[in-house]
Every structure is written in C-alpha cells, then in structure tokens.
Amino acid sequence: MGSQKTTGDQCRDYLDDRSAKSQDTVYTTANGVPMPHPYETQRMGENGPLLLQDFHLIDLLSHFDRERIPERVVHAKGSGAHGVYRTTETLDDLCLADIFQKGKECPVTVRFSTVGGESGSHDCARDPRGFSVKFKTDEGNWDMVANNTPVFFLRDPAKFPHFIHTQKRDPATHLGGGDDSTNFWDYLSQNPESIHQVMILMGDRGIPDGYRFMHGYFGHTTKLVNKKGDWVYAQFHMISQQGTKFLTQEEAATKSPDYSQKDLYEAIEKGDFPKWSLEVQTMTAKEAEDLWEKKKINVFDLTHIWPHKDFPLRKIGEFELNENARNYFAEIEQVAFNPAHMVPGIEPSADPVLQSRLFSYSDAHRHRVGVNYQQLPVNAPRVNYRMANFQRDGSMSFHNQGSRPNYISSIEPIHFRQRTVNLDKLHGHFTGEAVTFLSEIRQEDFNAPRTLWEKVFDDKAKDRFIKNVSGHMANCKKEEIIKRQIAIFREVSDDLATRLEKATGVKGYDGISGLSFNGTHNGMAKDKSNRVANGMQGVTLFTTENNGAPVSGSHGK
C-alpha cells in the first residue's frame, strides 16, 4: 500500500483562517473531530461524576489553563497594526541594503507600548513609549526596536535589569510607583547620567496623546556600509506626519486605561491612516572622534544625542499603518522584535547597550514565545527564496525542513550567497585588552538637560515640570533620596533645583561634587574617595580618557 499524498489545501493556512467567518467554520476538538455542542460533558448518569475519557472537556480545560504566555518583562502593555513602508529617496551612497533603493516597498508590523507597566496598566502613564517596527524586506526582516525618546536612563548595559526592577512592584509591599516612588528615585539619585531622560519624562513629552502623535528614535548608533565597503555611523528617526501631541498629568487622569489602543484602532478603522517618515543622521568615524574631542558627545552613549545642526536629518522613506490586527494575540502579543535582526548594509556599532540588546531580545523571545518563534506568521520573513538552515526541532516547530540533511551535506548541498559585507574591514578596527568598564559622570552629561530647561521649556512647561516631579516625589519615603536628586537637578540649573526645594519642602545638596554614587564613578567629585562607585577598591578608571567614546586610532578611515 502506497503512502498517502498530502496536498497544500488539506493543511491549515494562517491567512485563510484569518479571513474566515464564523459561519464558514465547524466546531471541533483541537485534533479536528467535529463536536455536536461545546457545552456538553460526559458524566456517570445525570447526577454522577465526570468521566476522564471525555477528551473534549479535558482538551478544553487544558488549553484554557495555558492560554496566557508570559507577558513581556518590559513593554508589556502595547498596541499594534500592520502597514507598508516605501523608500522615497535612495540611500545607495551610504548603504547597500536592498530596501533603501528608491521605490522599494515592504510590509511592516508596528507595536507601540509603555515601558514599565504591566499588561493591564494604564495607557496614559507617565512613562517612555516603545516604538518597534518590523520591516519584512526582500533580504529578510529588519527590526527597529525604538522608543519615543532619543535617549534613555543608562549607558552601562548591566544596569538595565536593575533599573527596570525599580519600575516594577516593590518585593515587600507589592506596591507600584504610583503609591511608592522610593525605589524609582533611589535609582535615579544614584545614577546621574539618567538626568536627560528624566527631564524628558517629567516634561510635557512624558505622556503622548496617543501613539499616533509621537516620534520614534532608535537611540543607538548603528553602522551603514555601502557597496564599496565604506561605512558611516547612523541614527534612525521616525517622524510623525501627524505632528506631536501630549497630555498633562491632569488630562491623562481623565482618559480610559486603553485610551491609546482605542485611538489607534479606531483611526485605522475609519481610514485615518497614521504615517511616519524614516529619517537618518550620519557621521564618519573621524567626525565621531572630533565630536567627542570638541563637544564631549559620545556616539556610543545612549544618554547623548547628536546635534541636528551639525548632523541634519536625511529622509529615506515613509510608512503608513493601514490595517488593524484581526487577532490581537496572534499578530501583536506574539510579534517579536530584535535589534539583532539587521539586513546586509546595516550593522551594529560598539554602543554597549545595543551590544547587550543584540543577545537579550532573542533570548527573551525564546523563553516567552518559544524557540521557534520566528516561524509564527507574524514573525516569519517574506523572502523570494526558500529559507534553509540547520536549526531543527524544538517546541512548536511548524516547518522543520522536511527530510533535508541537518548538516552541511555533500550529497544534497545547500546554496550559499556571496558575501556582500567585509566584516573584517567594518568591525576589525578595535584592539585592546579585556577591561572592567563602568562609565563616569562628567560635566557634559548635564549640557543637553540644561538646554532643555533653559531654551526649550517655556515658563508654563517649567511650572508643569516642577509639579510633575514634586508630585511624584511625594510618594518617596526617604528624604535623603530627594536631597540627592535635587543635587543632580542643581547641576542642570540652580533655578530648577531651587524651585524643587520650594515645591517639596526639602533642602537638597549643593551639587554632586561632594557625593559618591553606588551606580557610577563621579568624575566631578572633589574628594578622590568619592570618585569611585560604591567605594570599590583597586579600580582602574579607564573613563579618565574618553568615557567609552571613539578615540583617534580606534577606527579605520
């Protein structure tokens, strides 16, 4: 007896299932057996116990018990949609990525989110917003895992889990930051490099008026390489064509918990499709070194921004969101973004936080969704060649590559593409010994926050900022923490610190020169004993030269 042939139309297809109406379906068990009614159970007589043989009931309850996958540790509350990206201006001179040829298009899936809150938290919390885009290009998926702020709270990667823990519930009281902000301000007061992000978070941009009205910033420095093998540093921006709108603290309190989700969904449903332009800043390696030498701006530092006057934005293309998810769980909850997902022509820089994210994201997805998460339809690449590798098996392997050899075979050889990027030239310019590195607080860390206070915030914005910070500090239980934080604000502006002292009733320290920190070296300390973080002994302060910035001799041309 011959084997039975399986045809494509006998298999379940996601797109077909996604479009099917309830009226076109038949109620079955998970293994496809039709059932007369979903509420029936097998019992020993009308009043007797249930029967273990009732697979329908066991199947129903067992799946129900497992319906929730672990929520994201960060960015748990989110919304998303699908759309299309189109390159409007070629980037051929700087990048060999196929997607950056003029006229090229690809599908995109975008997920917006808050950062610290739980899955059921409020959309209008004062919190940065995630802004992640999956570009399904002809060369594979490119993921832009961004935020709505151009900087972040830290530049040393090992701090990230610690900082996020301060955004979560207290392990003893189980209270969140709205009722007890002690942990939040404790971290910030010990890590002053967070001040730029704090200024943005507590200012008017801290609560966007829905996801449609905010920009997106990758924040990290990447490398673009062209067909000649020449490369430049780059930072990507996504600029809202709807403009930006923000809520005050009082306005946010009047909105529903799912305000941003509702606004995005309903706008797309009625054809008001939101759009963003994709833009890029670039600089050469020499310009990056000069930027540190002349202005003390470190392109590898997630707390620094590139001056737009010196490095103007260049538009590449734009994307539009024009389709809501048909099933939120399948298409938004299970979507998995990873900054390591780069296409040829886009490469990572030595930005240490980016370097750590290249590992952490895929590791989180394998835990949360499963080792074969990239086989899910929302994550699967859309390329015009049949994909193959030697990754097999594991939980929920839908496409296990048939009977093809799971090693490099001489009997059934696999095809290999010619190398397009010379990695030795692109990344081979770093030499040195292994070091234990922790960054240092310098005067330059306060330049951009000072500009925000003195030149960007108007009088009313300053008043709102003081009200936002002092209101949040009211739930901080340790006065010493507030005194230290006011000292950090004093390095930004004495006017700012004085206003906070009046609003909180707490007299802060005169500045940070007399303080030591448990999270960072203090390059502004007058006493050498205060300079080293956490009183560590035998520490070599490599930060005395460049604080982790590119320096002459570390790069090729």
query = Is it true that atom NZ of Lys275 has more than 12 heavy atoms of other residues, nucleotides or ligands lying nearer than 6.0 Å?
reply = no

request  = Count the heavy atoms of every other residue, nucleotide or ligand shown that sit under 6.0 Å from CG of Asn389, and state whether that count exceeds 12.
outcome  = yes

What pairs of donor and acceptor atoms, side-chain ones from residues 149-163 against any protein atom, are under 3.5 angstrom apart with sequence neighbours left out?
| unit_1 | atom_1 | unit_2 | atom_2 | d |
| --- | --- | --- | --- | --- |
| Thr149 | OG1 | Val151 | O | 3.0 |
| Thr149 | OG1 | Gln197 | OE1 | 3.4 |
| Thr149 | OG1 | Gln197 | NE2 | 3.2 |
| Arg155 | NE | Ser439 | OG | 3.0 |
| Arg155 | NH1 | Asp301 | OD2 | 3.0 |
| Arg155 | NH1 | Thr303 | OG1 | 3.4 |
| Arg155 | NH1 | Asp445 | OD1 | 2.7 |
| Arg155 | NH2 | Glu440 | O | 2.7 |
| Arg155 | NH2 | Asp445 | OD2 | 3.1 |
| Asp156 | OD1 | Ser439 | N | 3.1 |
| Asp156 | OD2 | Ser439 | OG | 2.6 |
| Lys159 | NZ | Asn191 | OD1 | 2.8 |
| Lys159 | NZ | Glu193 | OE2 | 2.4 |
| Lys159 | NZ | Gly519 | O | 2.7 |

request  = Could you please spell out the steps behind the salt bridge (Lys or Arg N to Asp or Glu O under 4.0 Å) verdict for Lys315 and Glu279?
outcome  = CA-CA 4 Å; Lys315 183 177 178 181; Glu279 307 188 16; over 6 Å; no

inquiry  = Which heavy atom of Gln375 sits nearest to which heavy atom of Phe398, and what is that distance?
reply    = OE1-N, 2.7 Å

query = Under 4.5 Å between any side-chain heavy atoms of Pro550 and Asn298, yes or no?
reply = yes

inquiry  = Counting the benzene-type ring for Trp, do Trp306 and Tyr233 have ring centres under 6.0 Å apart?
reply    = no

key: Ring centres under 6.0 angstrom apart (Trp142, Phe236)   = yes

Salt bridge Asp463-Arg499, side-chain N to carboxylate O under 4.0 Å = yes

request  = Could you tell me whether Lys294 sits above the aromatic face of Trp292, with NZ or CZ closer than 6.0 angstrom to the six-membered ring centre and within 45 degrees of the axis?
outcome  = no

ask   = Can you check whether Ser113 reaches Lys77 side chain to side chain, under 4.5 Å on heavy atoms?
value = no

request  = Could you check His472 against Trp185 for side chain to side chain contact (heavy atoms under 4.5 Å, CB included), going step by step and ending with a plain yes or no?
outcome  = CA-CA 9 Å; His472 199 268; Trp185 289 107; 2.8 Å; yes

Which atom of Tyr385 lies closest to which atom of Gly140, heavy atoms considered = OH-N, 4.1 Å

query = Side-chain donor-acceptor pair under 3.5 Å between Thr109 and His82, yes or no?
reply = yes

query = Thinking salt bridges, do Lys467 and Glu250 make one under a 4.0 Å N-O criterion?
reply = yes

Reference residue Glu331; test salt bridge (Lys or Arg N to Asp or Glu O under 4.0 Å); the match among Lys134, Arg18, Arg111, Arg326 = Arg18

query = Okay, side chain of Asn468, backbone of Arg464: is any donor-acceptor separation there less than 3.5 Å?
reply = yes

query = Should the pair Trp276 and Phe319 be assigned to parallel (<30°), tilted (30 to 60°) or perpendicular (>60°) ring geometry?
reply = parallel

message = Can you give me the closest heavy-atom contact between Asp123 and Ser260, atom names plus distance?
response = OD2-N, 3.0 Å

request  = Heavy atoms only: give me the nearest Leu358-Pro348 pair and the separation to one decimal.
outcome  = CD1-CB, 3.8 Å

message = So Gln235 and Tyr217, do their side chains get closer than 4.5 Å, heavy atoms only?
response = no

request  = Kindly say whether Ile99 contributes a backbone atom to a donor-acceptor pair with the side chain of Thr137 at under 3.5 angstrom?
outcome  = no

inquiry  = Using modelled atom types and a 3.5 Å cut-off, is there a donor and acceptor pairing between side-chain atoms of Glu444 and backbone atoms of Lys296?
reply    = no

query = Shortest non-hydrogen contact from Pro208 to Phe246?
reply = CA-CD2, 3.7 Å

message = Please check: side-chain N/O of Arg126 versus main-chain N/O of Gly203, any donor-acceptor pairing under 3.5 Å?
response = yes

query = Any donor and acceptor pair, going by atom type alone, linking the side chain of His215 with main-chain N or O of Ile239 inside 3.5 Å?
reply = no

request  = Kindly give the heavy-atom pair with the smallest separation between Cys124 and Leu247, and that separation in Å.
outcome  = SG-CD1, 3.9 Å

ask   = Would you find more than 12 non-hydrogen atoms of other residues, nucleotides or ligands less than 6.0 Å from His427 atom NE2?
value = yes

key: Heavy-atom donor-acceptor pair, His341 side chain to Asn141 backbone, under 3.5 Å   = no

task = List the steps, then state whether side chain to side chain contact (heavy atoms under 4.5 Å, CB included) holds for Leu376 with Val335.
result = CA-CA 8 Å; Leu376 293 173; Val335 68; over 6 Å; no

Test item: Asn322 side-chain N/O and Phe273 main-chain N/O as donor-acceptor pair under 3.5 Å = no

ask   = Under 30°, 30 to 60°, or over 60°: which ring-plane class applies to Phe300 and Phe430, parallel, tilted or perpendicular?
value = tilted

request  = Please say whether more than 12 non-hydrogen atoms of neighbouring residues, nucleotides or ligands are located less than 6.0 Å from NE2 in His415.
outcome  = no

Lys136 side chain vs Ala380 backbone, donor-acceptor pair below 3.5 Å = yes

query = Under a 4.0 Å N-O cut-off, is there an ion pair linking Asp93 with Arg314?
reply = yes

request  = For the pair Lys104 and Asp138, evaluate side chain to side chain contact (heavy atoms under 4.5 Å, CB included) and give the outcome as yes or no after the intermediate values.
outcome  = CA-CA 10 Å; Lys104 268 285 187 177; Asp138 289 344; 2.6 Å; yes

query = Does the side chain of His220 come under 3.5 Å of the side chain of Arg357 through a donor N or O and an acceptor N or O?
reply = yes

task = Decide if atom CD of Gln391 counts as having more than 12 heavy atoms of other residues, nucleotides or ligands within a radius under 6.0 Å.
result = no

message = I'd like to know if the side chain of Asp143 and the backbone of Val145 have a donor-acceptor N/O pair within less than 3.5 Å.
response = no

ask   = Between Arg368 and Glu333, is there a salt bridge with N-O shorter than 4.0 Å?
value = yes

ask   = Centroid-to-centroid, Trp453 to Phe465, below 6.0 Å?
value = yes

request  = Determine, stepwise, if the pair Asn148 / Tyr211 fulfils side chain to side chain donor-acceptor pair (under 3.5 Å).
outcome  = CA-CA 9 Å; Asn148 74 321; Tyr211 294 129; over 6 Å; no

query = Tell me, do Leu452 and Phe457 make a side-chain contact under 4.5 Å, heavy atoms counted?
reply = yes

